[in-house]
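Before any comments, here is the structure.
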Number of protein chains: 2
Amino acid sequence: MVNIADVAKAVGVSRSTVSYALSGNRPISRETRERIDAAIADLGFTVNAGARALATSQTMVLGLLLQFHDDEFPPAMLQYILAITTAARELGYDILMITDDHGAEAIQRITSSNMVDGVVLLDVTHEDPRLPALMKARQPAALVGLPRDTDELDVFDLDFEGAARLLVDHLHDLGHREIVLVSPPRHVFDRGGAYAWRFRDAALERAAQHGLTVHAHYGESQQPAVERSLNAILDAHAQATGVIVHNDASIAALPAVLRERGTVVPRDLSVVSLYPRNFGRTFLLPYTAVETSPDGLGREAVQQLVRRIVAPQGGPSVVRFIEPELTDRGSTA
Amino acid sequence: MVNIADVAKAVGVSRSTVSYALSGNRPISRETRERIDAAIADLGFTVNAGARALATSQTMVLGLLLQFHDDEFPPAMLQYILAITTAARELGYDILMITDDHGAEAIQRITSSNMVDGVVLLDVTHEDPRLPALMKARQPAALVGLPRDTDELDVFDLDFEGAARLLVDHLHDLGHREIVLVSPPRHVFDRGGAYAWRFRDAALERAAQHGLTVHAHYGESQQPAVERSLNAILDAHAQATGVIVHNDASIAALPAVLRERGTVVPRDLSVVSLYPRNFGRTFLLPYTAVETSPDGLGREAVQQLVRRIVAPQGGPSVVRFIEPELTDRGSTA
DNA sequence: CTGAAAGCGCTTACAG
DNA sequence: CTGAAAGCGCTTACAG
């Protein structure tokens, strides 16, 4: 292992000079700087991450906490992971992936041992059991998903209420009077996935204002139950002219289900939904939809987290709801 | 920050005694050990990861290198990530996720700075540009995917040749004489995804031995091209009685395509494929298939990597091909 | 069974 | 513009 002392010796300067040349934290004469750079390249020197972390109390690593629930939709989760990793890298940070079942313990483990400078929490629930551990940690955090109590927390999420209103309005404006809503599975509600009821309740409320009839149902998240439940729901409401699908697994399965039923969109049924734009690469999703943005959400969370790391007392906590945007793909009439 | 000196002071012993109590690397009297444990719990002490890494030259972190190509199938990739992270955790390691575009530089960066004790490489290609950086690294590696030159490398992959033979034999034994093969997209071949041609070439060879006619085609990886290409391929070979799909995106899209075409499996067409068992949770995949095993593959790779870390000179390099297993789901006749 | 001390490889006030 | 030295928080031979 070539270390900073080797470089210093090769150049004939002190270790501190090499260190300052590395960090730029004090002026170095052009000549010594160049000789130092040359020696570093020559010897193939790289700063030892552990030593630097020990000296500076900064690891340049962020923890990413996720839990792969059964109802999680793999493509969505992967998109979050990639977006967060990329955003972090752009700011000079690496990502420590934590998928432990016991998130609270994992947070305690990586923060108290100083393995990370901050933490990103995915899939935050209403009463997220990981939050107490987070509050005790020295390091700041950024959440994706809305907890009940947002005090002192930086939170990022889609504006699901707004998205629901946008979609209900869209159907209402087109003249639909009876619609079906396919929500996430019941156990998403049970475990506190606030996005599920935030969307549903806002949709129901808006529909009531419009005098619309809405049949709200839990969808499923795993095949073959997804198809079965979609068929059962559609069977039960043959007179409905529109459907709002707020359920990744269900919207992915919908095209095949509708083909099998001989239902033509939008002639026989209008369909609107809510999913990341690039799901369309993996699935055939020709539906008018509000675009959730795992990329944007992940990126904003990371940026805010890094801001906090750099300036721990940098302003009040933020709760940011991404504004929903509707993309019309002609699946409504 | 409470450190080991604080614990030592609280108990009235030396720092080394606390350290040895922590590691168990030398006998400690029961009484002192208990008082140390109590003090640790009391003060909420946790070993500082950076300091330990510096002292031991071990980080207990593994690097996981992946690149999300356009042709990558999200559910498959996520499964690898989760399997590897879980397997690592069971052995006491955390995962540093690296998704950089320039894998070689990233390897150089995390290994030379000693951020990781070893590296897992996903999606290894025939002439993988990351391998030179790997050979230069102090840390050992485990590859998932077969490179041209496996010297000194621990490599894990499915036995794609065996899988191809198994599927060809299966169709042949049922009396099929003309079959279609849907391979990964052309650019997977171009960039050196050896699994693509290993499967195809073995299938063609076996078919020739049997006197079967095989129409081999590149499939696509992104919608809507996936459906379009499947339809074109099926149109072109209406007389074929069986199809082998070696392409995640295509097999996921196949049920909808066949419904649309009015093709009933296996009455009109026999279908066999190759995909991870639990794709069936996300997609409706009622097809007889060889089960690829991202979980098993990832786990074996991690276990071997950790073995190497613990015993750097521990035996010759291994190239392990997982034996293919056929699950009959009745999609052939 | 336990302690004093060197060392891991950095950074950064302190001095000049 | 540069150097000598303390310190970050551990581990582990060396001694007893």
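Since we're looking at a predicted model, the values are computed, not measured. We name chains A, B, ... by the order of the sequence lines, and we start the count at 1 in each one.
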> Taking atom C1' of D/dG7 as reference, at what distance in whole Å does atom CD1 of B/Ile4 sit?
Replying inline: 16 Å
> Once you round it to whole Å, what is the distance between P of D/dG9 and CD of A/Gln58?
Replying inline: 15 Å
> Any side-chain N or O of B/Thr56 under 4.0 Å from OP1/OP2 of D/dT12?
Replying inline: no
> Given that both distances must come in under 3.5 Å, which nucleotide forms a Watson-Crick or G-U wobble pair with C/dA4?
Replying inline: none
> Are any of the side-chain nitrogens in A/Arg35 or A/Glu31 under 4.0 Å away from the carboxylate oxygens of its partner?
Replying inline: yes
> What is the distance from CZ of B/Arg15 to C1' of D/dT11, rounded to the nearest Å?
Replying inline: 10 Å
> Between D/dT12, C/dG7, D/dC8, which one does the side chain of B/Ala55 approach most closely?
Replying inline: C/dG7
>> Please give the distance between the C1' atoms of D/dG16 and D/dT12 as a whole number of Å.
In response: 16 Å
>> If you count heavy atoms of other groups shown closer than 6.0 angstrom to CD of A/Glu323, is the number above 12?
In response: no
>> Using modelled atom types and a 3.5 Å cut-off, is there a donor and acceptor pairing between side-chain atoms of B/Asp100 and backbone atoms of B/Ala106?
In response: no
> Counting only Watson-Crick or G-U wobble pairs whose two distances fall under 3.5 Å, which nucleotide matches C/dA13?
Replying inline: none
>> With a 3.5 Å cut-off and heavy atoms only, can you find an N or O donor on one side and an acceptor on the other between the side chain of A/Arg26 and the base of D/dG3?
In response: yes
> Nearest to the side chain of B/Leu54 - C/dA13, C/dG9, D/dC1?
Replying inline: C/dG9
> In whole Å, what is the span from the NZ atom of B/Lys9 to the P atom of D/dC10?
Replying inline: 13 Å
>> Looking at B/His187, I'd like to know if its NE2 atom is crowded, meaning that more than 12 non-hydrogen atoms belonging to other residues, nucleotides or ligands lie closer than 6.0 Å.
In response: yes
>> For a quick test of reading the model, state the closest non-hydrogen atom pair linking B/Pro140 to B/Arg308 and the distance between them.
In response: CB-CB, 3.8 Å
>> Would you say B/Ser57 places a side-chain N or O within less than 4.0 Å of OP1 or OP2 belonging to C/dC8?
In response: no
> C/dG9 P sits how many Å from B/Met115 CE, rounded?
Replying inline: 17 Å
> Quick one: is C/dT2 close enough that its OP1 or OP2 comes under 4.0 Å of any side-chain N or O from B/Ser14?
Replying inline: no
> Given D/dT2, C/dG9, C/dG7, which nucleotide is nearest the side-chain atoms of A/Ile28?
Replying inline: D/dT2
> Using a cut-off of less than 4.0 Å, is there contact between a side-chain N or O of A/Asn25 and OP1 or OP2 of C/dT12?
Replying inline: yes
> Tell me: CG of B/Asp6 to P of D/dG9, nearest whole Å?
Replying inline: 9 Å
>> With a 6.0 Å cut-off (strictly less than), is the heavy-atom count around CD of A/Glu152, excluding the residue itself, greater than 12?
In response: no
> When you measure from every atom of DNA chain C, which of residues 30-47 of chain B have a heavy atom less than 4.0 Å away?
Replying inline: B/Thr32
>> It should be established whether B/Asn3 places a side-chain nitrogen or oxygen under 4.0 Å from OP1 or OP2 of nucleotide D/dC8.
In response: no
>> Nearest to the side chain of B/Thr17, heavy atoms from C-beta on, is which of D/dC8, D/dT2, C/dT2?
In response: C/dT2
> For the base of D/dA4, is there a side-chain donor-acceptor partner from A/Ser16 under 3.5 Å away?
Replying inline: yes
> Which listed nucleotide (C/dC10, C/dC1, D/dT12) is nearest to the side chain of B/Ser19?
Replying inline: D/dT12
>> Tell me which one of B/Val61, B/Asp117, B/Thr59, B/Ile84 satisfies side-chain contact (heavy atoms from CB on, under 4.5 Å) with B/Tyr93.
In response: B/Asp117
>> What I want to find out is whether B/Arg320 reaches B/Asp157 closely enough, with some N-O distance under 4.0 Å, to be called a salt bridge.
In response: no
